[in-house]
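For reference, the structure is listed below as structure tokens.
Below, chains carry the letters A, B, ... as their sequence lines are ordered, and counting in each starts from 1.
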Protein chains: 2
Amino acid sequence: MSHLEVRDLRYFVAVAEDLNFTRAARRLNLAQPALSRAIRQLEDRLGVTLLERTTRAVALTPAGAVFLADARAALAAVRVAETRVAAAAAPTRPLRVVVKPGSDGALLRAVHAAYAGFPPPEVSVVGCGEQAQRLRAGDADVAFLRRPVDDDAEFEFEDLLTEPRVAALPADHRLAARVRLVRADLDGEPIARWAAGDATSLRHTLGLDGTTRPLPTGPEAADLSQLLELVALTRAVAFVPASTAVHTPRPDIAYRPVDGLLPSTVSLAYPVGTKNPAVAAYVRAAWSVVDDRAALLA
Amino acid sequence: MSHLEVRDLRYFVAVAEDLNFTRAARRLNLAQPALSRAIRQLEDRLGVTLLERTTRAVALTPAGAVFLADARAALAAVRVAETRVAAAAAPTRPLRVVVKPGSDGALLRAVHAAYAGFPPPEVSVVGCGEQAQRLRAGDADVAFLRRPVDDDAEFEFEDLLTEPRVAALPADHRLAARVRLVRADLDGEPIARWAAGDATSLRHTLGLDGTTRPLPTGPEAADLSQLLELVALTRAVAFVPASTAVHTPRPDIAYRPVDGLLPSTVSLAYPVGTKNPAVAAYVRAAWSVVDDRAALLA
DNA sequence: GTGGCTCATGCCGCCAGGGTATCGGTGCCA
DNA sequence: TGGCACCGATACCCTGGCGGCATGAGCCAC
């Protein structure tokens, strides 16, 4: 009879929250069978059935409801321990955070709320793809960015959340009439892209990372509003994360899912070997937001 | 930057409590290097130095002191979660516990104190070596016993604590003049043993488990007081756990350490496949006592 | 009945975490 | 002052737990 671990609590709370193993597993960044086994092992250790499951529905048992409340309390206590020790040892200058234009402000605010107890971070906005340079130059402590970036070696990444990409089209584009597209539909269309980053992002979106296959041509933009302007003005197609599409609706732009596009990952990056407890606390704050988000995404 | 786990907290609290890696590791049933690494990794994850260590002394840093308090609180919260869920799901009859004569009453009381919230267990005392039979017959739910027992296959064991064995000799025995003995000193001496258990315990004590080597001869006793009587009356030698020696001092008996005796382990046993949450809770109560015991042994 | 959704199971591979052996530093004592 | 005992750190290896993939099995909807 082994020891109860924080992982067990996190897993159980996730399943108990949305009463669906598959979705909870996705939220926890693991496969459904792993989660099923983890919960079963937890029940075995406790000797208690926490969840009543049929193949169609999952429900909390009375004991499970009791455990859910206590598990949340225990997780909170652990989080307090993490946070307070960092605050006790880190009376340094405020953390310097870089983001790119058009980032999700709600996410940032939520992270900073969870980071309470530390001096408020200084946020600076830099051009797309320039976050890494700021970190490298020592002008920033952590950066929000979308992977991949060119130099994976010198940074550590916390992959906070992953979401599909969609195509942004002029609202009156012929393809906008379709509800769902496939890659081949876009052959020959001009593809708008980010100016910085050596088209790394576009290569990755199209799954051409290792290859030398030619990229489609198209105009370049420095930030999201420019990119969408280009789509509207030049009748190009652009790829944006699904959440961006939700946050930036425009009547002249249509967003359509495309089969075969690789998803986009929002990550937090910091230089390898970082020893600043404030950074560690910031990372944990970000994770706590991501873990708790019931419906930050679909 | 991985997640903080309950294990990390337990390890840190153990070291912070006696400020000595080697002793803390022994208490945690692991080797000192493993503990050193675990603490270092914890510090790396938090980005904070928790302990100031020289080769001669270990001291808490201010941050470490803060973390110690919070870590204890978090561990308590986890323990509450474990306990309450079991209590919620186990409104069964009281747990039936069997012990043998001469068991450590202080340990038993401490476990039952930690088991608060459940109906008080019914304790029954049976002859040495008969605990397993009670479990097998379904007359008991859990048993305190000393390993090994004959049938390791049908029970699960929680090895709570391990202690050296010592030899009990008549106080005026020629060997009692020596402060420390070796195995060969006992050649030819009669060895008193437990009546039950097929001399399993004696074989194990002498490290003859797999072999067919002949056992020394000697008288048999049913419980501890009988055993010590035999030692005094027949001038035999008996092997008892060190704590037993401490708990049962007699002017006519001398206890002497013997090099090469295998140590004795106090275990909690229950049938394999036990699903009773009360049993799980009882096991955890026992572990919490063992974990907390600052000076239950040397 | 059939297809899709969901949880369970079998099997495999990896690495975090533990063990052993050893080193290096430090205070104590002869 | 040299030897020794103690203690934490480091190097290296190895195992078991945990996660991934593929697949099975039950259940509802249409």
[atom1] of [X] versus [atom2] of [N]: gap in Å, rounded?
{"X": "A:D44", "N": "C:dA8", "atom1": "CG", "atom2": "C1'", "value": "13 Å"}
{"X": "B:F21", "N": "C:dG18", "atom1": "CZ", "atom2": "C1'", "value": "16 Å"}
{"X": "A:L51", "N": "C:dT6", "atom1": "CG", "atom2": "P", "value": "16 Å"}
{"X": "A:Q32", "N": "C:dG10", "atom1": "CD", "atom2": "P", "value": "14 Å"}
{"X": "A:D18", "N": "C:dT6", "atom1": "CG", "atom2": "P", "value": "11 Å"}
{"X": "B:R53", "N": "C:dG24", "atom1": "CZ", "atom2": "C1'", "value": "16 Å"}
{"X": "B:L28", "N": "C:dG17", "atom1": "CG", "atom2": "C1'", "value": "14 Å"}

Could you tell me whether the side chain of [X] and the main chain of [Y] form a donor-acceptor pair under 3.5 Å?
{"X": "A:Q41", "Y": "A:S36", "value": "no"}
{"X": "B:T83", "Y": "B:R79", "value": "yes"}
{"X": "B:R256", "Y": "B:A176", "value": "yes"}
{"X": "A:E52", "Y": "A:L60", "value": "no"}

Fill in the blank from the handout: Across all chains, not counting sequence neighbours, the side chain to side chain contact (heavy atoms under 4.5 Å, CB included) partners of A:R37 are A:A34
Fill in the blank from the handout: Between A:S267 and A:F157 the two heavy atoms that sit nearest each other are CB-CD2, 4.4 Å
Practice task
For C:dC5, take OP1 and OP2 only and decide whether either is under 4.0 Å from a side-chain N or O of A:T22.
Solution key: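 The answer is no; no side-chain N or O of A:T22 sits under 4.0 Å from OP1 or OP2.
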Handout entry: Short side-chain N/O contact to C:dC7 OP1/OP2 from A:N20, under 4.0 Å
Key =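 Checking C:dC7 against A:N20, a side-chain N or O does come within under 4.0 Å of OP1 or OP2.
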Handout entry: Flag side-chain contact, heavy atom, 4.5 Å: B:F239 against B:V166
Key =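 Of all side-chain heavy-atom pairs linking B:V166 with B:F239, none is under 4.5 Å.
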Problem - Side chain proximity check, B:L30 to B:L35, heavy atoms < 4.5 angstrom - result: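 Touching, per the 4.5 Å side-chain cut-off.
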Exercise for the section: Could you tell me from which nucleotide to which nucleotide of DNA chain D, 5' to 3', there is an atom under 4.0 Å from chain A heavy atoms? Expected result: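 Span of nucleotides near chain A: D:dC18 to D:dC28.
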Exercise for the section: Could you check whether B:D8 gets within reach of a base, just the sugar-phosphate, or nothing at all, counting any heavy atom under 4.0 Å? Expected result: nothing
Exercise for the section: Would you mind classifying the nucleic acid contact of B:A31 as base, sugar-phosphate or nothing, using non-hydrogen atoms under 4.0 angstrom? Expected result: base
For residues 66-78 of chain A, which side-chain donor-acceptor pairs fall under 3.5 Å, sequence neighbours excluded?
from, atom 1, to, atom 2, distance (Å)
A:D70, OD1, B:R84, NH1, 2.8
A:D70, OD2, B:R84, NH1, 3.3
A:R72, NH2, A:E17, OE2, 3.3

Handout entry: Where protein sits on nucleotides 25-30 of chain C, one letter per nucleotide: B base, S sugar-phosphate only, - none, heavy atoms under 4.0 Å
Key = BBS---
Practice task
Under 4.0 Å from any atom of DNA chain C, heavy atoms only: list the residues of residues 35-42 of chain B that qualify, in numerical order.
Solution key: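 Here the set is B:R37, B:Q41.
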Problem - Of all pairs that satisfy ring-ring contact (aromatic ring centres under 6.0 Å, His included), the ones with a partner from residues 14-38 of chain A, not counting sequence neighbours - result: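 Sorted pair list comes back empty.
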Handout entry: B:E156 with A:R45: basic N within carboxylate O range, under 4.0 Å
Key =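 No, B:E156 and A:R45 are not salt-bridged.
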